[in-house]
Amino acid sequence: MSRLDVSAIDDGWVTQLCGFGQIAAAARTSQLIAKHHPERIILVGIAGAFSGRADVGSAYRFRRVTCDGIGVGAGETFRSASDIGWAHFADIGDEIELGGWSDTSTVVEGRLLSVCAASQSESEADARADRFPDAVAEDMEAFGVAMACQMHSVPLEVVRGISNDVGDRDHSRWQIDKALQAASELVIRLLDRR
Ligand SMILES: O=C(O)c1cccc(C(=O)CC[C@H]2O[C@@H](n3cnc4c(=O)[nH]cnc43)[C@H](O)[C@@H]2O)c1
């Protein structure tokens, strides 16, 4: 079974699961922040890469996360919360800046797109890639975690290992172990440069 190897990470860090999808991740993060009062948080896991924008088996650290899927409509007629003039909460819109580490050398340009339902075909992936020309990868939790962190004023870093191409539903092609290994290594490098 694939797992993230966090054995090399210093004491003082608490490792917890955030759950699946934006809602579980936001609620769980808020619960964990209330319990542990962390100085900072790192979200680590896997994500899909938009074609040609990231390599399967590599890991990336992101500067910003954008929510896709909360708003009105679907497909080409979808309008996001910000598009229709709504904030998600107070001054939090569809996009949240990440970071908090002084060293930004391993941060990738381009955004992480955090979706409610993963793209299920190449055409859905292409449509999302067209709507977000600077989106590097797609995940399902980062925006929810970022929302909770923003509300609690806790800096968040997001590290995602790329396990698959966005839209690819054939799990036999996914490289989860390699992606998690790359993500572990990037987190350890990040902790060394704090
Ligand atoms: O069964 C499928 O076809 C399928 C397609 C995409 C994602 C899933 C998941 O169950 C995602 C689990 C988990 O991993 C992250 N993740 C990994 N690859 C992707 C992706 O291509 N698009 C969105 N999320 C992805 C995600 O954060 C989930 O937590 C199943």
Side-chain angles (χ1 to χ4, degrees), residues 1-6 15-32 41-71 74-75 78 80 88 94-96 98 107-108 110-150 156-187 190:
M1 184 176 149
S2 307
R3 69 185 188 93
L4 191 65
D5 181 6
V6 290
T15 310
Q16 294 284 346
L17 296 174
C18 74
F20 178 63
Q22 313 283 4
I23 295 166
R28 177 72 172 148
T29 303
S30 236
Q31 181 190 45
L32 289 169
I41 291 179
I42 309 175
L43 172 65
V44 195
I46 56 172
F50 287 105
S51 182
R53 299 183 186 173
D55 297 327
V56 173
S58 297
Y60 299 84
R61 177 182 163 206
F62 293 90
R63 194 180 299 283
R64 64 184 64 87
V65 59
T66 295
C67 173
D68 189 30
I70 297 179
F78 175 75
S80 74
H88 289 257
D94 293 335
E95 183 175 318
I96 299 178
L98 304 168
V107 175
V108 70
R111 73 188 68 233
L112 175 61
L113 201 61
S114 223
V115 301
C116 297
S119 304
Q120 63 167 344
S121 63
E122 210 176 309
S123 60
E124 274 190 18
D126 289 346
R128 267 194 174 129
D130 287 348
R131 285 172 48 234
F132 297 95
D134 68 342
V136 173
E138 174 186 281
D139 88 339
M140 301 177 74
E141 292 82 20
F143 186 80
V145 173
M147 172 78 73
C149 286
Q150 181 103 334
L156 172 68
E157 291 283 351
V158 175
V159 171
R160 289 291 196 189
I162 303 299
S163 51
N164 60 284
D165 290 318
V166 172
D168 185 1
R169 296 216 59 210
D170 182 348
H171 293 193
S172 69
R173 281 194 288 262
W174 288 33
Q175 296 188 34
I176 295 178
D177 286 339
K178 201 171 170 200
L180 289 177
Q181 178 65 33
S184 307
E185 288 168 11
L186 184 49
V187 169
L190 180 60

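Order of listing sets the numbers, starting from 1, for every ligand and every atom in it. Note that the numbering runs from 1 along the sequence shown for the chain.
- Rounding to the nearest 0.5 Å gives a distance of 5.5 Å between CG of Leu190 and CD of Glu157.
- Residues that satisfy the side chain to side chain donor-acceptor pair (under 3.5 Å) test with Gln150, not counting sequence neighbours, are absent from this structure.
- Looking at residues two or more places apart in sequence or on another chain, you find a salt bridge (Lys or Arg N to Asp or Glu O under 4.0 Å) between Arg131 and Asp68.
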Pick out the protein N or O atoms lying less than 3.5 Å from any N or O of ligand 1, and list each pair with its distance.
from, atom 1, to, atom 2, distance (Å)
ligand 1, 1 (O), Arg169, NH2, 3.0
ligand 1, 1 (O), His171, NE2, 3.0
ligand 1, 3 (O), Arg169, NE, 2.3
ligand 1, 3 (O), Arg169, NH2, 3.2
ligand 1, 18 (N), Gly48, N, 3.3
ligand 1, 18 (N), Asn164, OD1, 2.8
ligand 1, 21 (O), Asn164, ND2, 2.9
ligand 1, 22 (N), Glu138, OE2, 2.6
ligand 1, 27 (O), Met140, N, 3.0
ligand 1, 27 (O), Glu141, OE1, 2.5
ligand 1, 29 (O), Glu141, OE1, 3.0
ligand 1, 29 (O), Glu141, OE2, 2.6

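- Distance check: Tyr60 OH to Asp55 CG gives 4.0 Å after rounding to the nearest 0.5 Å.
- Pairs of residues two or more places apart, or lying in two chains, that qualify as side-chain hydrogen bond (donor to acceptor under 3.5 Å, both in side chains) and include a residue from residues 134-148 are Arg111-Asp134, Ser114-Asp139, Ser119-Glu138, Arg128-Glu138, Asp139-Arg160, Glu141-Arg160.
- Between Ile46 atom CD1 and Leu180 atom CG the span is 6.0 Å, to the nearest 0.5 Å.
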